Amino acid sequence: MRVRLIFEKSTIRRLPNPSVVASVFLFLFLFCTGVVQAQQKSVSGLVKDAVDGSELMGVTVLVKSSGTRVATDINGEFTVRAAVGDTLIFSYIGKRDVVEVVGQRNVIDVTMYDDEAMLDEVTVVAFGTQKKASVVASIETVKVSDLKIPASNLTSALAGRIPGLISYQTSGEPGKDNAEFFIRGVTTFGYKTDPLILIDGFEMSTDDLARMQPDDIESFSVLKDASATVLYGSRAANGIILVTTKSGREGPVKVSVRIDNHIATPTKVPKMVGGVEYMRLYNEARTTRDPLLGPYYNEQKIQSTAQGLDPMIYPDVDWYDQIFKNSTLNTKANINISGGGQVATYFVAGGYEHETGLLRVDGRNNYNNNIDINRFNIRTNVIFKLTQTTTLDTRITGRFERYNGPYTDTDDIFHSIMNSNPVDFPAVYEPDAANEFTNHTLFGNTYVGGGLKSNPYAETVRGYKDRNESNISA
């Protein structure tokens with residue numbers, strides 16, 4: 001056997017250490033499979049509520065890159081492993097999400113603000129707040145935007161907006177137009193139907209509720225059944241109306257202004273017959289009951305009234321049109337300022353209402369006999385954060401009202417109009433030669449059955465009332 005050996009010239013290079021090669025390949029494999037990550041560190045912090053500065057327990061802290069989740073403890077504190085370039089996402093029910101990049105920080109403190117888009121889903125109950133979906137008691141919430149109607153009375157805005165609430169108004173007179181309403185029907189022991197009204201946790205009257213500014217309201221709830229009203233006992237037998245006013249939130253100053261002008265008109269007015277038709281119907285009724293009596297109004301008076309002859313002798317008075325206007329213009333304005341910092345938050349509001357009635361003002365008098373109300377409202381809600389666990393919540397509200405109105409109650413004036421004769425006498429006599437220099441108004445009148453009949457116009461302008469009223473709650 002012959003063996004052939006062949007030698008070739010080649011360049012000899014020294015190979016790297018096998019252990020180094022193995023390390024390089026291992027790093028590339030781990031990096032591609034995601035096992036090798038950036039160097040992590042421990043990041044801790046505290047999560048607080050922007051409204052009152054309290055620590056929030058149960059806030060979810062998500063490390064975006066790794067999907068790691070932790071929750072804050074009872075003191076609002078958290079600790080999580082994250083790298084320098086990681087992003088932390090803080091989320092909590094009813095709050096806006098907060099996104100923080102770790103960077104070089106080892107301590108990250110977060111303040112969470114309310115998510116206004118979710119506030120409508122939160123229901124105020126006797127013992128705090130709950131998510132609307134988790135409430136099993138009979139509780140109705142009212143959107144505050146639905147209460148912003150062109151009216152000076154908040155109670156009139158409740159009708160038709162709350163299932164099970166029956167509301168009705170017995171008067172449309174400005175200042176006396178509070179709506180009567182009941183939630184759970186008529187009670188067993190009488191007709192006491194007023195529900196318990198709580199504004200910011202304190203018992204208030206129906207008038208306090210009626211004069212509230214809708215712009216100052218944060219939430220409006222009605223508690224109807226026993227499970228919802230159990231904490232208030234027998235006082236809540238007729239249901240509860242819970243109203244919470246707005247509070248400031250930590251952040252920049254926010255200013256809101258609203259001005260309303262609305263026209264008020266009567267809902268419906270009875271149509272009265274004219275003087276001629278009244279006299280013919282009166283005669284018909286008289287002769288039908290007793291033909292021997294004959295007609296009360298002679299044909300000459302009826303024809304003279306129909307022809308519109310001397311109105312001082314043959315009057316034909318539409319008493320309602322003589323005393324009342326068809327409409328009036330009212331104004332409402334509100335301005336509020338809110339904001340705050342780490343020490344305190346504030347909500348300050350001021351409102352003005354100008355409300356007038358439908359009575360006509362007689363130019364022959366030097367005073368205003370119509371209803372004229374000027375109402376000012378103020379509200380200050382300031383929350384001081386004294387310590388990490390203590391807050392001082394101050395709420396002051398005031399209502400200042402100047403009322404001007406007729407001396408005779410409008411109920412009596414309206415009753416007099418509905419019962420007055422349109423053809424007996426005019427509202428006012430024009431001065432004759434004997435009364436040319438008389439200083440006072442010559443109100444029309446006549447004697448019937450030995451007594452002086454009431455003149456609705458004279459009752460309207462006989463005088464006026466003027467009073468001031470102030471209410472302050474702290």
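These numbers were taken from a predicted model, which means no experiment stands behind them.
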Next item on the list: Count the heavy atoms belonging to other residues, nucleotides or ligands that lie under 6.0 Å from CD of Gln342, then report whether that count exceeds 12.
Entry: no
Check: Are any non-hydrogen side-chain atoms of Lys385 and Val343 less than 4.5 angstrom apart?
Finding: no
Next item on the list: Would you indicate whether the side-chain heavy atoms of Asp316 and Tyr278 approach each other to under 4.5 Å?
Entry: no
Notebook entry, point to check: Side chains of Phe324 and Leu359: does their closest heavy-atom pair fall under 4.5 Å?
Noted result: yes
Checklist line | Under-4.0 Å salt bridge between Glu277 and Arg280 | finding: no
Notebook entry, point to check: So, Asn283 side chain and Tyr296 main chain: donor-acceptor pair closer than 3.5 Å or not?
Noted result: yes
Margin query: Within the structure provided, determine whether Leu198 and Glu203 are in side-chain contact (heavy-atom separation under 4.5 Å).
Written below: yes
Next item on the list: Take atom CG of Asp290 as the centre, draw a 6.0 Å sphere, and report whether it contains more than 12 heavy atoms from other residues, nucleotides or ligands.
Entry: yes
Next item on the list: Could you give me the CA-CA distance, side-chain angles and deciding distance for Ile371 and Thr410, then say whether side chain to side chain contact (heavy atoms under 4.5 Å, CB included) is met?
Entry: CA-CA 9 Å; Ile371 296 175; Thr410 53; 4.0 Å; yes
Margin query: Any non-hydrogen side-chain atom of Thr155 less than 4.5 Å from a side-chain atom of Leu209?
Written below: yes
Check: At their closest point, which heavy atom of Tyr403 faces which heavy atom of Pro406, and how far apart are they?
Finding: OH-CD, 4.4 Å
Next item on the list: Not counting sequence neighbours, which residues clear side-chain hydrogen bond (donor to acceptor under 3.5 Å, both in side chains) with Ser65? List them please.
Entry: Asp86
Check: With a 4.5 Å heavy-atom cut-off, do Phe414 and Asp409 have their side chains touching?
Finding: no
Margin query: Consider side-chain hydrogen bond (donor to acceptor under 3.5 Å, both in side chains). Of Gln213, Arg399, Lys332, which one does Glu353 pass it with?
Written below: Gln213
Note to self: Check for me whether the distance between the ring centres of Phe376 and Tyr352 falls short of 6.0 Å.
What the structure shows: yes
Notebook entry, point to check: Which pair of heavy atoms, one from Lys325 and one from Asn370, lies closest together, and at what distance?
Noted result: NZ-ND2, 4.3 Å
Notebook entry, point to check: Are any of the side-chain nitrogens in Arg402 or Asp466 under 4.0 Å away from the carboxylate oxygens of its partner?
Noted result: yes
Check: Between Asp177 and Ser156, do the side chains contain an N or O donor and an N or O acceptor separated by less than 3.5 Å?
Finding: no
Checklist line | Electrostatic pair Asp114:Lys95 at N-O distance under 4.0 angstrom | finding: yes
Check: Do side-chain atoms of Tyr320 reach the backbone of Met418 as a donor and acceptor pair under 3.5 angstrom?
Finding: no
Next item on the list: For the pair Glu250 and Lys48, find out whether any cationic side-chain nitrogen is under 4.0 Å from an anionic carboxylate oxygen.
Entry: no
Notebook entry, point to check: Would you find a donor on one side and an acceptor on the other, under 3.5 Å apart, between the side chain of Asn178 and the backbone of Asn153?
Noted result: no
Margin query: For the residue pair Tyr464 / Asn404, report whether a side-chain donor-acceptor contact shorter than 3.5 Å exists.
Written below: no
Margin query: Would you compute the distance between atom CG of Leu56 and atom OG1 of Thr72 and round it to the nearest 0.5 angstrom?
Written below: 7.0 Å
Notebook entry, point to check: Judged by atom type as modelled, is there a donor-acceptor pair below 3.5 Å linking the side chain of Thr408 to the main-chain atoms of Arg462?
Noted result: no
Check: With Ser171, which residues qualify under side-chain hydrogen bond (donor to acceptor under 3.5 Å, both in side chains), at least two apart?
Finding: none
Margin query: If you compare all heavy atoms of Pro174 against all heavy atoms of Thr356, which two are closest, and at what distance to 0.1 Å?
Written below: CG-O, 3.8 Å
Checklist line | From CA spacing to verdict: side chain to side chain contact (heavy atoms under 4.5 Å, CB included), Val461, Arg360 | finding: CA-CA 9 Å; Val461 299; Arg360 296 185 185 275; over 6 Å; no
Notebook entry, point to check: Do Asp207 and Ser205 have a side chain donor and acceptor closer than 3.5 Å?
Noted result: no
Checklist line | Phe400 atom CZ, over 12 foreign heavy atoms within 6.0 Å | finding: yes
Check: Roughly how far apart are Ile108 CD1 and Phe90 CZ, rounded to 0.5 Å?
Finding: 5.5 Å
Notebook entry, point to check: Quick check: are there more than 12 heavy atoms from other residues, nucleotides or ligands sitting under 6.0 Å from CD of Glu284?
Noted result: no
Note to self: Under a 3.5 Å distance rule, please check whether Trp319 uses its side chain to pair with a backbone N or O of Asn455 as donor and acceptor.
What the structure shows: no
Margin query: Between Arg395 and Ser473, is there a side-chain donor-acceptor contact under 3.5 Å, judged purely by atom types and distance?
Written below: no
Item checked: Tyr367 vs Val361, side chain to side chain contact (heavy atoms under 4.5 Å, CB included): CA-CA, chis, key distance, verdict -> CA-CA 8 Å; Tyr367 56 84; Val361 179; over 6 Å; no
Item checked: side chain to side chain contact (heavy atoms under 4.5 Å, CB included) between Phe78 and Val59, intermediate numbers included -> CA-CA 9 Å; Phe78 71 93; Val59 178; over 6 Å; no
Notebook entry, point to check: Under 3.5 Å, side chain of Thr446 to main-chain N/O of Phe425, donor-acceptor pair present?
Noted result: no
Checklist line | Nearest-0.5 Å distance, CZ of residue Phe347 to CD1 of residue Ile337 | finding: 10.0 Å
Notebook entry, point to check: Would you say the side chain of Thr394 lies within less than 4.5 Å of the side chain of Phe384, judging by non-hydrogen atoms?
Noted result: yes
Next item on the list: Report yes if some heavy atom in the side chain of Asp216 is under 4.5 Å from a heavy atom in the side chain of Asn334; otherwise report no.
Entry: yes
Check: Under 4.0 Å between a Lys/Arg side-chain N and an Asp/Glu carboxylate O for Arg379 and Glu218?
Finding: no
Notebook entry, point to check: Are Asn106 and Ser42 close enough that a side-chain donor and a side-chain acceptor fall under 3.5 Å?
Noted result: no
Note to self: Is it the case that the side chains of Glu459 and Ser416 hold a donor-acceptor pair, with the cut-off being a distance below 3.5 Å and no angle test?
What the structure shows: no
Next item on the list: Identify the heavy atoms of Met279 and Thr305 that sit nearest to each other, and give their distance.
Entry: CE-OG1, 3.7 Å
Item checked: Sidechain-backbone polar pair: Asp109 side chain, Leu46 backbone, donor-acceptor under 3.5 Å -> yes
Margin query: Please give me the minimum heavy-atom distance between Ala427 and Val317, naming the atom from each residue.
Written below: N-CG2, 4.3 Å
Check: Does atom NZ of Lys64 have more than 12 heavy-atom neighbours from other groups under 6.0 Å away?
Finding: no
Mind listing the side-chain donor-acceptor pairs of residues 258-266 below 3.5 Å, one per line with the distance, residues two or more places apart or on another chain?
{"from": "Arg258", "atom 1": "NE", "to": "Asp215", "atom 2": "OD1", "distance (Å)": "3.2"}
{"from": "Arg258", "atom 1": "NE", "to": "Asp215", "atom 2": "OD2", "distance (Å)": "2.9"}
{"from": "Arg258", "atom 1": "NH1", "to": "Asp260", "atom 2": "OD2", "distance (Å)": "2.4"}
{"from": "Arg258", "atom 1": "NH2", "to": "Asp215", "atom 2": "OD1", "distance (Å)": "2.7"}
{"from": "Asn261", "atom 1": "OD1", "to": "Thr331", "atom 2": "OG1", "distance (Å)": "2.8"}

Item checked: Lys/Arg-Asp/Glu bridge criterion (N-O < 4.0 Å) met for Arg105, Glu100 -> yes
Item checked: Side chain Ser44, main chain Val107, donor-acceptor under 3.5 Å -> no
Note to self: Tell me whether the count of non-hydrogen atoms from other residues, nucleotides or ligands lying under 6.0 Å of CG in Leu392 goes above 12.
What the structure shows: yes
Item checked: Pair Asp200-Thr245, side-chain donor/acceptor within less than 3.5 Å -> yes
Next item on the list: Give the minimum heavy-atom separation between Ser420 and Pro456, together with the two atoms involved.
Entry: OG-CG, 3.0 Å
